[in-house]
Number of protein chains: 2
Amino acid sequence: MSINYKDIKSEILTRITKGDLPPGALVPNEVELAESYGCARATVNRAMRELTDEGILERRRKAGTRVRMAPLREARFSIPVVREEIEGQAASYGYTLLNRQILHAPDWLRERLKLVVGDDVLHLTCLHRADNAPYQLEDRWINLARFPQAAGVDFAASGPNEWLISTVPFSDVEMSFGAAAATAAQANYLGCTTGDALFEAERSTWWEGRAVTFVRLTYPPGYRMTTRY
Amino acid sequence: MSINYKDIKSEILTRITKGDLPPGALVPNEVELAESYGCARATVNRAMRELTDEGILERRRKAGTRVRMAPLREARFSIPVVREEIEGQAASYGYTLLNRQILHAPDWLRERLKLVVGDDVLHLTCLHRADNAPYQLEDRWINLARFPQAAGVDFAASGPNEWLISTVPFSDVEMSFGAAAATAAQANYLGCTTGDALFEAERSTWWEGRAVTFVRLTYPPGYRMTTRY
DNA sequence: CTCGTCATTATGTCTGGACATAATAGTTGC
DNA sequence: GCAACTATTATGTCCAGACATAATGACGAG
């Protein structure tokens, strides 16, 4: 029953929360800690490295390890595939493709995705339902200049989300959340009133410096996106 | 110039995105990989462990390592202290305490924070401004049964956020985002019209199983919370 | 055929050593 | 006093080996 890197993590964490190691304080160096815990430096190193990844500590070569001034608290949350999200709530999943067309990228999209004039995009509008009630309105734009094969896929049966996830890689993502008043079209599909406050999530995805897709997800009034950590 | 665990990570990642290792595929075991890369198993282990943490792989003892079916797409973002967020945009930060009172926790709060009937809470309402324009309306509730010292702090000069961060530890957090129509009071403080669509973030915090604080942050129309990864 | 037992296997972690690298602090030259 | 070098120091990474642990799959008893 020897010392575990997890024990060291929680021991250090206790010292911090007890005020023994206030924000900004210098944590003993790895060699000293290893000696005092009676373990190898690698073990201490792992504990400290993870605490650093978690935003609790701050490390600089030669300068040493310090407790972060304002502990960088990171919210993480997974963005599930809608279908899984709905089925996870023991509700039945429904999907409808509302609209599909190929067109030149509009100006605002060109700017967002850094596209070139004349690039074609596939524009899809889909509605996802949970137990038959509108759950999410998906406004999807796929860069055909990058993924021409998307033009040949039939999105009538399953959403572009699922196709993209299994076939298109990505490396850079920008997400943003906000609120907007429902347009007449949105209100119609989501079963609410024009002007209602809707929660909106947008995601842009790139691969090797080139745009893959942009999507705007809109939810009915009252929807909340929740995460725990 | 030997092999780095980062090289292994990106090599595996390339194999995945190239379709060489499709979702669900079994990745060679650590011993084999170590041999083929000509490095120690510990190095391969670290690469695989990090890819697992990042949601790319899935590992089970004896069963081996597999590429995740639906790569767990995680948005991570740090929740900055408002002041730092504003000053980071090269804007001047302004703060006003609008309201402060001690009262019994209302029912909805008791339920949310799992409080006991009769527990006192400190209720604060504050406005944060960027270049004098309303930036964030903070509706803060602090559990006095847990942190009685909060009652003695003067929040006139700086926000409860900063005090909490530097003095109160927490271990469990639940965050949620949504949209809501502006109430008359919110519209007044945020300089918008009643009924406008506002972006709302809520955060509940616990430490050692007991509630620390609950806060609801409301932003003026048009605000977007953005993250990159 | 089903249930429990046990060997096998891949990952999880630790050791004690090594060299690499970044950043500081001290020293030297101007 | 200032700038450029240099030694020192703490972290970053690696290695080769070891034992721990969880989960599977095969085997045997009922």
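Lettering follows sequence order; numbering is per chain, from 1. Please read these numbers as outputs of a predicted model, since none were measured by experiment.
Judged by distance alone, with hydrogens and angles left aside, the side-chain atoms of T43(B) form no donor-acceptor pair with the main-chain N or O of C39(B) at under 3.5 Å. Using modelled atom types, one side-chain atom of R66(B) and one backbone atom of G24(B) make a donor-acceptor pair closer than 3.5 Å.
The CG-C1' distance, from D53(B) to dT11(C), rounds to 14 Å in whole Å. When the P atom of dG25(D) is taken as reference, atom NZ of K62(B) falls 6 Å away, rounded to whole Å.
Taking the six-membered ring for Trp and thresholds of 30 and 60 degrees, Y135(A) and Y219(A) have ring planes more than 60 degrees apart, a perpendicular arrangement.
Geometric assessment of R216(B) against the ring of W108(B) yields a positive cation-pi assignment under the 6.0 Å and 45° thresholds.
The base of dT13(D) lies close enough to the side chain of R41(A) for a donor and an acceptor atom to sit less than 3.5 Å apart. The base of dT21(D) lies close enough to the side chain of R61(B) for a donor and an acceptor atom to sit less than 3.5 Å apart.
Distances shown here put a side-chain N or O of T65(B) below 4.0 Å from the OP1 or OP2 atom of dT11(C). Contact check, N4(A) against dC14(C): a side-chain N or O comes under 4.0 Å of OP1 or OP2. At the phosphate of dT13(C), OP1 or OP2 sits under 4.0 Å from a side-chain N or O atom of R46(A).
Checking A42(A) against G64(A), the closest nucleotide of DNA chain D that is more toward the 5' end is the one next to G64(A).
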